[in-house]
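Note on naming: letters A, B, ... go to the chains in the order of the sequence lines (proteins, then strands), and numbering restarts at 1 for each one. Just so it is clear, the model here is predicted, and its values are computed rather than measured.
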There are 2 protein chains.
Amino acid sequence: MLIGMQDEDNAVAPSGAVNAGMLGGMLSVALRRAQAAVNDDLVARFTATGVRPGHFGILEVLKHNPGLRQGHLSDALGVKRTNLVPLLDMLEARGLIERQAVAGDRRVTALFLTDGGAALLAQLQTMARAHEALLAARLGPDGRAQLLDLLARLTTPMAGG
Amino acid sequence: MLIGMQDEDNAVAPSGAVNAGMLGGMLSVALRRAQAAVNDDLVARFTATGVRPGHFGILEVLKHNPGLRQGHLSDALGVKRTNLVPLLDMLEARGLIERQAVAGDRRVTALFLTDGGAALLAQLQTMARAHEALLAARLGPDGRAQLLDLLARLTTPMAGG
DNA sequence: TATTGTTATACTCTATAACTATA
DNA sequence: TATAGTTATAGAGTATAACAATA
């Protein structure tokens with residue numbers, strides 16, 4: 001049993017269920033649980049490929065931006081460049097991407113999908129689309145667009161208060 | 001710069017920005033980013049107390065369910081009982097909760113908030129309410145309720161497909 | 001035998017500091 | 001000096017297996 005109650009004040013332990021206090025009404029809690037459930041579904045669909053959602057994101061971005069620098073890929077995905085390295089190492093070791101030196105600036109590495117990478121990506125896209133279709137079925141026709149809009153409003157950093 | 005484009009097909013690297021392909025339309029991506037931003041805000045508000053959102057959740061549930069067993073707390077929070085132990089150890093070491101033996105079944109530990117724990121919880125609740133108020137301001141009057149409803153539809157496990 | 005809390009362990013994601021080679 | 005990629009490391013969250021005490 002997970003959190004499901006939204007009452008704010010109830011100082012005594014209830015009969016069968018547990019009173020979660022204000023947690024049931026907190027977006028932080030609801031977001032964490034929904035994100036975990038959604039991510040678990042996507043991970044399960046990807047398992048046979050030996051690839052995680054993070055790897056899929058890399059392949060997807062590289063398909064649309066061949067020759068992208070690692071730094072720009074890092075910015076686009078919101079993954080620190082230092083954490084991108086082992087992900088790229090794995091994809092390169094499996095022959096799904098290539099790192100190529102750049103003529104003008106020898107510090108830079110340009111990233112490309114291999115044919116094998118493009119082939120695997122096509123499979124992953126099909127899985128991801130089925131995944132999204134399941135979510136859309138749960139949310140209803142307008143629910144998915146509404147949810148994307150609401151989530152976007154929360155995504156920018158919240159410095160000022 | 002983070003992902004922000006929703007176009008599906010564009011095979012060439014764009015001028016300034018990066019084409020994120022289908023990632024921009026994926027709920028999995030939007031959820032991860034929103035959850036991270038929201039969680040970062042809550043963590044920042046809690047920092048001065050030396051407590052994390054997970055600790056707050058424990059204190060909040062114990063306030064409403066004094067004497068709760070560890071196993072039931074684990075179920076209520078969705079945290080494995082094995083991962084609850086170090087969190088409870090920290091809270092007990094700081095004198096915020098107490099573990100008490102139970103008469104009928106000596107395997108069981110009952111958990112209680114101390115006075116200090118209740119005092120800290122009151123502060124954390126105020127911080128959490130301010131946090132939620134900021135989110136509500138971003139989402140609009142109905143947005144928050146809509147979001148909670150949409151997230152709840154995604155939270156149940158998605159076994160069947 | 002089964003259950004409760006615990007320990008040990010491992011994997012993923014994330015974050016910072018420091019190194020290299022280039023510029 | 002500064003930048004791009006890398007290495008090493010550490011923290012937090014989550015997962016399983018196995019143990020001791022108790023039922």
Side-chain angles (χ1 to χ4, degrees), chain A residues 2 28-29 31-40 42-44 46-47 50-58 67-93 97-111 157, chain B residues 2 28-29 31-40 42-44 46-47 50-58 67-93 97-111 157:
Chain A
L2 288 174
S28 178
V29 175
L31 278 167
R32 179 181 302 272
R33 289 173 53 203
Q35 197 275 328
V38 168
N39 191 63
D40 285 353
L42 191 59
V43 167
F46 283 174
T47 35
V51 144
R52 311 260 318 164
H55 301 112
F56 165 66
I58 293 173
L68 194 66
R69 296 175 172 203
Q70 283 187 211
H72 294 168
L73 177 62
S74 166
D75 291 342
L77 293 172
V79 175
K80 294 235 176 310
R81 70 188 198 278
T82 175
N83 294 327
L84 210 52
V85 175
L87 299 175
L88 295 173
D89 287 347
M90 186 272 246
L91 293 174
E92 192 179 32
I97 66 167
E98 282 180 6
R99 284 191 247 226
Q100 294 185 10
V102 164
D105 189 336
R106 293 174 54 197
R107 294 172 301 184
V108 175
T109 315
L111 300 171
Chain B
L2 288 174
S28 177
V29 175
L31 277 167
R32 179 181 301 272
R33 289 173 54 204
Q35 197 276 327
V38 167
N39 192 63
D40 285 353
L42 191 59
V43 167
F46 284 173
T47 36
V51 144
R52 311 260 318 165
H55 301 110
F56 165 67
I58 293 173
L68 193 65
R69 297 176 172 203
Q70 284 188 208
H72 293 170
L73 178 61
S74 166
D75 291 341
L77 293 172
V79 174
K80 294 236 176 312
R81 69 188 197 278
T82 175
N83 295 327
L84 210 54
V85 174
L87 297 175
L88 295 173
D89 287 347
M90 186 273 247
L91 293 174
E92 191 178 33
I97 66 166
E98 281 181 7
R99 284 191 246 226
Q100 293 186 11
V102 165
D105 189 337
R106 292 174 56 196
R107 295 171 300 181
V108 175
T109 316
L111 300 171

Restricting both atoms to N or O, compile the protein contacts to nucleotides 20-22 of chain D shorter than 3.5 Å, with distance only.
unit_1 : atom_1 : unit_2   : atom_2 : d
D/dT22 : OP1    : B/Arg106 : NH2    : 3.1

Between [N] ([atom2]) and [X] ([atom1]): distance, integer Å:
| X | N | atom1 | atom2 | value |
| --- | --- | --- | --- | --- |
| A/Ile97 | D/dG5 | CD1 | P | 12 Å |
| A/Asp75 | D/dG5 | CG | C1' | 13 Å |
| B/Leu88 | C/dT6 | CG | P | 7 Å |
| A/Asp40 | D/dT14 | CG | C1' | 10 Å |
| B/Leu73 | C/dT6 | CG | P | 12 Å |
| A/Asn39 | D/dA15 | CG | C1' | 14 Å |
| A/Met90 | D/dT6 | CE | P | 16 Å |
| A/Leu84 | C/dT12 | CG | P | 16 Å |

C/dT4 phosphate, OP1 or OP2, under 4.0 Å from B/Arg99 side-chain N/O: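 So the side chain of B/Arg99 is outside the cut-off, no N or O lying under 4.0 Å from OP1 or OP2 of C/dT4.
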To check you understand the geometry: which heavy-atom pair defines the closest contact between [X] and [Y], and what is its length?
| X | Y | result |
| --- | --- | --- |
| B/Ala110 | B/Gly67 | CB-O, 3.4 Å |
| A/Ser28 | B/Asn39 | OG-OD1, 4.3 Å |
| B/Ser74 | B/Lys80 | OG-C, 3.5 Å |
| B/Phe56 | B/Val51 | N-CG1, 4.1 Å |

B/Arg69 or B/Pro86, whichever maps to the more 5' nucleotide of DNA chain C: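 In this pair, the answer is B/Arg69.
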Residue of the set B/Leu84, B/Leu87, B/Thr109 for which side-chain contact (heavy atoms from CB on, under 4.5 Å) holds with B/Leu73: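 Only match with B/Leu73 under side-chain contact (heavy atoms from CB on, under 4.5 Å): B/Leu84.
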Identify each atom pair where a protein N or O and an N or O of nucleotides 11-13 of chain D are less than 3.5 Å apart, giving names and distance.
unit_1 : atom_1 : unit_2  : atom_2 : d
D/dA12 : O3'    : B/Arg52 : NH2    : 3.2

Min side-chain heavy-atom separation [X]-[Y] under 4.5 Å:
| X | Y | value |
| --- | --- | --- |
| B/Leu42 | B/Val38 | no |
| A/Leu111 | A/Arg69 | no |
| B/Arg33 | B/Val29 | yes |

Measure all distances between protein nitrogen or oxygen atoms and nitrogen or oxygen atoms of nucleotides 16-18 of chain C, and list the pairs falling under 3.5 Å.
unit_1 : atom_1 : unit_2  : atom_2 : d
C/dT16 : O4     : A/Thr82 : OG1    : 3.2

Spatial distance of atom [atom1] ([X]) from atom [atom2] ([Y]) [nearest 0.5 Å]:
| X | Y | atom1 | atom2 | value |
| --- | --- | --- | --- | --- |
| A/Glu98 | A/Leu88 | CD | CG | 13.0 Å |
| B/Leu68 | B/Asp75 | CG | CG | 9.5 Å |
| B/Asp89 | B/Arg99 | CG | CZ | 4.5 Å |

